[in-house]
Structures are given as C-alpha cells and as structure tokens.
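Accompanying notes for the structure given below.
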Amino acid sequence: MTGASNENSIGPAMKRMAIGIAALVVLTTLLFFAAPDSFYPWAKAIHVIAVISWMAGMLYLPRLFVYHVEAEKGSGQSETFKVMERRLLRAIINPAMVVTWVFGLWLAWKGFGFQGGWLHAKILAVLLLSGLHGYLAGAVRKFAEDKNEKPARHWRMVNEIPTLLMIVIVILVIVKPF
Ligand code: HEM
C-alpha cells in the first residue's frame, strides 16, 4: 500500500469527523437556545460521551503499537497498522480530546467557577493525559516513517498509564474527596 493510498483511505474518515463536529456544533447551539435552564446536564452528557471516545482511543492506540512492533517493517500488515493508527488518531482521538476539553472547561466555569481542590487535581491529571496524547501522536508519526525503536514491552507499559489516570480522574470528579 502506498503513501498516496493511505491518504485516500483517511479522506472519508476526515469527512465523517467534519460532519460529526458540525452536527455537534448545531446540536449544542440548538440546546443552548431551546433549553438554557437544562443546558448544564446536556453539556455534561456531551462531555462524558467525548470522554468515553477519547479514552477508548487512548487505550486502543498503544495496543495497536504492540502488534505493529511485531509486524515486519515494509510488510502489508505493517502498512495496514499505519492506516489504522492514523485514522484512530485523526478521526477519533484528536476531536474527542478537543470536545472533552471545551465542555469540561465550560462545566468547570459554569458549575464551579474553577474552584475546588478536586477540580484543580482533575485538571492536572487531564493535563498529564493530554501530554500522553501528544506522546502517542508523536509515536504514530514515528511508526509511519518506520522509525519506532521502542519494544512491545514499552507500549504494553504505556498502555497502563491512561487506565490509571482515568481511575484517578473519575474518582476525583464523582467522589470530590477534597
Ligand atoms: C479536559 C479537562 C476536564 C475538565 C475541566 C473537566 C471538568 C468537569 C466538570 C466541571 C464536570 C461536572 C462535575 C459536576 O457537575 O459534578 C465534569 C464531569 C465529568 N467528567 Fe470531566 N473534565 C475534564 C476531563 C475529563 C476526563 C478526561 C474524564 C475521564 C477520563 C472526565 C470524566 C468526567 C465524568 C465521568 C463526569 C461526570 C461526573 C458526574 O456527573 O458526577 N472529565 N468534568
């Protein structure tokens, strides 16, 4: 599979993502004006939907790297992993992170005026998760150029980090322990 055909196969995924984001903007605007009093729970619902999508991708991507490391460089299997990784990053993980941040920050401002130890700790944990997101995006580029040097064991360990952060973040926002 050539680089050009990789680009072509990413095209429809990008188109779907653009349609999805446009639909979200329209839905949010309608909800905001039609039901301003119940907009907070709607925003929270959209936030949680985005969180689930982001986490699903963040857990799946390092798992793909584990399999990719085991595929021979230049093989058809390796090229297929490149397409899967780029699609997952561009069509799901990136937009889901943006929607999570936009609605999370709005909830933090509207509901809590950015006050609360749990909220500050949560934002710190989400910054760490976003840093890991950046690291994984860099790894997608390295894999695309056949320049990954890290062994499967490394990606297995990286796979545990989003799980741990997710547990901390969910306890902070639901239990609000401090
Ligand atoms: C991007 C930064 C984020 C900010 C500023 C943020 C902020 C908030 C705020 C203020 C709420 C409303 C809490 C309430 O009404 O009691 C909320 C809800 C929630 N957030 Fe986030 N959040 C962020 C990212 C995340 C992430 C990454 C996760 C999970 C991994 C997450 C999981 C949740 C869950 C499960 C709820 C619903 C909690 C409930 O209804 O009690 N958030 N978030």
Side-chain angles (χ1 to χ4, degrees), residues 13-14 16-67 84-143 150 154-178:
M14 298 300 286
R16 277 201 299 277
M17 182 194 77
I19 293 170
I21 292 199
L24 180 66
V25 171
V26 172
L27 174 75
T28 307
T29 312
L30 283 177
L31 280 169
F32 189 78
F33 288 107
D37 294 339
S38 57
F39 187 69
Y40 188 89
W42 276 105
K44 194 149 69 166
I46 295 170
H47 176 67
V48 173
I49 292 164
V51 159
I52 291 170
S53 311
W54 188 20
M55 291 310 305
M58 292 287 283
L59 293 169
Y60 189 39
L61 192 53
R63 176 56 39 195
L64 278 178
F65 293 159
V66 171
Y67 298 133
M84 290 169 78
E85 288 154 4
R86 268 207 291 176
R87 274 192 188 175
L88 186 62
L89 182 69
R90 291 189 188 178
I92 297 193
I93 305 184
N94 286 346
M97 180 188 72
V98 173
V99 176
T100 299
W101 267 103
V102 169
F103 283 85
L105 288 174
W106 186 84
L107 290 166
W109 166 71
K110 188 72 181 169
F112 303 91
F114 287 109
Q115 298 301 309
W118 66 272
L119 180 58
H120 300 153
K122 180 180 173 179
I123 291 175
L124 183 69
V126 183
L127 282 172
L128 292 175
L129 192 65
S130 304
L132 180 67
H133 180 136
Y135 176 70
L136 295 179
V140 167
R141 271 195 301 277
K142 279 200 178 152
F143 271 104
K150 303 273 194 289
H154 170 82
W155 296 116
R156 269 198 201 97
M157 276 160 53
V158 168
N159 212 174
E160 304 304 331
I161 303 173
T163 312
L164 293 175
L165 285 172
M166 182 259 294
I167 292 169
V168 170
I169 291 168
V170 169
I171 291 173
L172 283 169
V173 70
I174 292 185
V175 181
K176 298 188 177 62
F178 49 84

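These values consider heavy atoms only, across backbone and side chains, with no hydrogens, waters or symmetry-generated copies. Numbering of ligands and ligand atoms starts at 1, following listing order. Computed from a prediction, not measured in an experiment: that's the story for all the values here.
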**Message:** Over 60° means perpendicular and under 30° means parallel, so tell me whether Phe143 and Trp155 are parallel, tilted or perpendicular.
**Reply:** tilted
**For atom 37 (C) of ligand 1, the protein heavy atom that lies nearest, with its residue and separation** = Val48 CG2, 3.9 Å
**Request:** Identify which of Phe114, Phe112, Trp106 has a heavy atom lying nearest to atom 13 (C) of ligand 1.
**Result:** Phe112
**Request:** Identify the two heavy atoms, one from Pro177 and one from Ile171, that lie closest to each other, and give their separation to 0.1 Å.
**Result:** CD-O, 4.1 Å
**Asked** When you measure from atom 21 (Fe) of ligand 1 to each N, O or S atom of His47, which atom gives the shortest distance?
**Response** NE2
**Request:** Could you tell me which atoms of ligand 1, counted from 1 in the order shown, lie closer than 4.0 angstrom to a heavy atom of Lys44?
**Result:** 12 (C), 14 (C), 15 (O), 16 (O), 39 (C), 40 (O)
**Complete:** In this structure, atom 34 (C) of ligand 1 is nearest to the protein heavy atom Val173 CG1, 3.7 Å
**Message:** Show the nearest heavy-atom pair for residues Met55 and Pro162, with the distance to one decimal.
**Reply:** CE-O, 3.5 Å
**Item:** ligand 1 N/O within reach of Lys122 N/O, cut-off under 3.5 Å
**Value:** yes
**Nearest heavy-atom neighbours spanning Ser53 and Ala96** = CB-CB, 3.8 Å
**Prompt:** Between Leu105 and His47, is any pair of side-chain heavy atoms under 4.5 Å apart?
**Reply:** no
**Asked** For atom 9 (C) of ligand 1, what is the nearest protein heavy atom, given as residue, atom name and distance?
**Response** Leu107 CB, 3.7 Å
**Message:** Is it the case that over 12 heavy atoms from other parts of the model lie below 6.0 angstrom from the CZ atom of Phe32?
**Reply:** no
**Item:** Proximal ligand 1 atoms for Tyr40, defined as those under 4.0 Å from one of its heavy atoms
**Value:** 12 (C), 13 (C), 14 (C), 15 (O)
**Asked** Under 4.0 Å from any heavy atom of Trp54, which atoms of ligand 1 are there?
**Response** 27 (C)
**Message:** Any non-hydrogen side-chain atom of Val140 less than 4.5 Å from a side-chain atom of Leu88?
**Reply:** no
**Prompt:** Hey, looking at atom 2 (C) of ligand 1, which of Leu124, Val99, Val126 has the closest heavy atom?
**Reply:** Val126
**Complete:** Near Val51 (heavy-atom distance under 4.0 Å), the atoms of ligand 1 are 25 (C), 26 (C), 28 (C), 29 (C), 30 (C), 31 (C), 42 (N)
**Request:** Just say parallel, tilted or perpendicular for the rings of Trp106 and Phe39, cut-offs at 30° and 60°.
**Result:** perpendicular
**Asked** Near Gly104, which atoms of ligand 1 are under 4.0 Å from a heavy atom of that residue?
**Response** 4 (C), 5 (C), 6 (C), 7 (C)
**Prompt:** Side chain or backbone of Ile169 under 4.0 Å from ligand 1, or both, or neither, by non-hydrogen atoms?
**Reply:** side chain
**Identity and distance of the protein heavy atom lying nearest atom 41 (O) of ligand 1** = Ile174 CG1, 3.9 Å
**Item:** Atoms in ligand 1 flagged as close to Lys176, the criterion being non-hydrogen separation under 4.0 Å
**Value:** 14 (C), 16 (O)
**Request:** Check whether any side-chain heavy atom of Met166 sits under 4.5 Å from a side-chain heavy atom of Trp54, and report yes or no.
**Result:** no
**Asked** Heavy-atom count around Tyr67 OH within 6.0 Å, excluding the residue itself: above 12?
**Response** no
